[in-house]
Amino acid sequence: MTDWQVGTVPTALGFIDNRLLRAGIETDPDGAAREAEGGLVVVIAGEQAILARRGEGATAFLPSPPAALGPVLDRLILGRLDGRPIMAQLHAAEGAAALADDPEHVALDLRSVAVQGAVPADEMGALAQAKAFFFWHGRHRFCGVCGSPTVSRCAGIRRDCTGCGAQHFPRTDPVTIMLVVRGDHCLLGRQARFVPNSYSCLAGFVSPGETIEAAVRRETLEESGIEVGRVTYLASQPWPFPASLMIGCLGEALTDAIVLDREELEDARWFSRDEVAAMLERRHPDGLITPPPMAIANHLMRLWTTGEARFA
Ligand SMILES: [Zn+2]
């Protein structure tokens, strides 16, 4: 739906707020039993969240999913909210398309939900949780040990192998995202796929057996040739594209000569604190911008321009 917009653009990080008491020992993913308890359902169709319109905005917690979505492909329990069970169910992408003329529901990809603030901030975490879980289930249908089919257990928090009995647990992929600073300047880069004029923090996956600090230093060196000394953790953000955890850090540059990895970055350069403040406020003289407030890169830059980001 292209006409879907809500009035207020959020200024807070997306996906960090989740009021659910997560499912730990739930064993029954049966929808009928849960609905009898006043359960609500988070619905994902393909890559899109199905939201129920509510006043000017919408909610991700549906009392009953629209029938037009078609068959349920997967179902799990996310947890409880104020005592009510919160389930999640997955439908095919075509299900979202079937809602085009539905006045009560809307299908929206999760990035847009976050950018537009389409649902209350404290529902965003549950959407990220549901999408990441379904992604994991969809890609772990067979055992990595013996190749036999696996089945969902404990209402979706585990998959057990039907052949060798191995238990498989959901994975989250840690990604370091770092604002590397040197005095009154910080290092920002852009990838060719970024929106025009947008610069962001460098980022990269943590490698197995690596600390967060080592990942910050290695990724920065690989992408920009800059050596990093001190590293301080600032904040984290679930990033359900598809199942990452962004770990936001401040890094102290020890060198200043940039050597670009052209495979990763189209450009990287040093920006003054004033310049970053102008980019955040969309008043940079060259039209340069930052990622939106829902992204952790924006948050890290903002903390640095206000002096709140410091080394421990
Ligand atoms: Zn197996």
Side-chain angles (χ1 to χ4, degrees), residues 4-6 8-23 40-52 54 57-62 76-82 86-90 96 106-139 156-157 170-179 194-195 198 200-201 203-206 212 233-249 280 290-303:
W4 177 256
Q5 286 283 340
V6 294
T8 52
V9 173
T11 56
L13 265 179
F15 310 112
I16 61 165
D17 212 350
N18 189 346
R19 293 204 297 126
L20 299 195
L21 188 61
R22 285 179 183 246
L40 299 169
V41 188
V42 172
V43 181
I44 304 287
E47 292 289 305
Q48 302 203 288
I50 306 303
L51 312 175
R54 193 174 62 182
T59 180
F61 296 139
L62 279 52
L76 49 89
I77 297 176
L78 297 178
R80 285 182 179 265
L81 179 66
D82 302 329
I86 306 293
M87 294 157 291
Q89 65 186 46
L90 178 70
V106 64
L108 203 60
D109 71 275
L110 263 67
R111 208 177 293 262
S112 300
V113 174
V115 169
Q116 297 176 19
V119 301
D122 64 6
E123 295 185 5
M124 292 297 306
L127 281 175
Q129 186 185 347
K131 182 162 180 289
F133 261 99
F134 285 135
F135 175 82
W136 174 72
H137 280 285
R139 279 163 179 71
I157 62 170
R171 55 175 294 169
T172 293
D173 297 324
V175 177
T176 53
I177 179 163
M178 46 277 182
L179 188 68
F194 284 10
V195 296
S198 174
S200 187
C201 299
F205 286 100
V206 178
I212 292 168
Y233 166 82
L234 294 177
S236 66
Q237 178 186 35
W239 192 246
F241 308 103
S244 294
L245 175 66
M246 307 301 289
I247 305 167
C249 295
L280 286 165
T290 65
M294 70 88 157
I296 193 169
N298 181 295
H299 185 69
L300 301 179
M301 291 181 211
R302 198 173 294 274
L303 288 178

Can you measure from CG (D109) to CD (Q116) and round to the nearest 0.5 angstrom?
8.5 Å

Interatomic distance, C201 atom SG to L300 atom CG [nearest 0.5 angstrom]
5.0 Å

For A130 against I44, the heavy-atom pair lying closest together
CB-CG1, 4.2 Å

Would you say the side-chain atoms of H137 pair up with the backbone N or O of G156, donor to acceptor, closer than 3.5 Å?
yes

State plainly whether the residues D173 and R171 are in salt-bridge range, i.e. N to O under 4.0 Å.
yes

Answer yes or no: is there a side-chain heavy-atom contact under 4.5 Å between M124 and V113?
yes

Between the main-chain N or O of A297 and the side-chain N or O of S200, is there a donor-acceptor pair closer than 3.5 Å?
no

Which atoms form the tightest heavy-atom contact between S244 and T172, and what is the distance?
C-CG2, 4.1 Å

dist C249:SG -> I177:CD1 (nearest 0.5 Å) comes out at 10.0 Å

Do you know the tightest heavy-atom contact between P120 and R54?
CG-NH2, 3.6 Å

Output for pair (R80 CZ, R19 CZ), nearest 0.5 Å, gives 15.0 Å

salt_bridge(K131, E47) N-O dist < 4.0 Å:
yes

For P291, is there any backbone N or O sitting under 3.5 Å from a side-chain donor or acceptor partner on N298?
yes

Residue pairs passing the salt bridge (Lys or Arg N to Asp or Glu O under 4.0 Å) test where at least one lies in residues 290-301, sequence neighbours excluded:
none

Just verifying a value: how many Å separate L20 CG and I77 CD1, rounded to the nearest 0.5 Å?
12.0 Å

Student check: side-chain heavy atoms of M301 and L179 closer than 4.5 Å
yes

Over all heavy atoms of both residues, which pair between A107 and A96 is shortest? Give the atoms and the distance, please.
CB-CB, 3.7 Å

Examine distances only and state if a side-chain atom of Q237 and a backbone atom of M294 form a donor-acceptor pair shorter than 3.5 Å.
yes

Would you name the heavy atoms of S236 and I16 that are closest together and state the gap between them?
O-CG2, 3.8 Å

Heavy atoms, side chains only, cut-off 4.5 Å: are L76 and F134 in contact?
yes

Derivation and outcome, side chain to side chain contact (heavy atoms under 4.5 Å, CB included), residues F61 and V41
CA-CA 5 Å; F61 296 139; V41 188; over 6 Å; no

Pairwise side-chain contact, T59 with V119, heavy-atom cut-off 4.5 Å (strictly under):
no

When rounded to the nearest 0.5 angstrom, what is the spacing between CG in L21 and CD1 in I86?
11.0 Å

Sub-4.5 Å side-chain heavy-atom contact between L62 and L40:
no

Mind checking what makes ring-ring contact (aromatic ring centres under 6.0 Å, His included) contact with F241, not counting sequence neighbours?
F15, W239

I'd like to check W136 versus P242 (side-chain heavy atoms, cut-off strictly below 4.5 Å). Are they in contact?
no

Does any part of the side chain of N18, heavy atoms only, come nearer than 4.5 Å to the side chain of D122, both counted from C-beta?
no

For the residue pair I247 and Y233, establish whether any side-chain heavy-atom pair is separated by less than 4.5 Å.
yes

I'd like to know whether L127 forms a side chain to side chain contact (heavy atoms under 4.5 Å, CB included) with V42, so could you lay out the CA-CA distance, the side-chain angles of the two residues, the decisive distance to 0.1 Å, and finally the verdict.
CA-CA 7 Å; L127 281 175; V42 172; 3.8 Å; yes

Nearest heavy-atom approach of V115 to P292 is CG2-CG, 4.3 Å

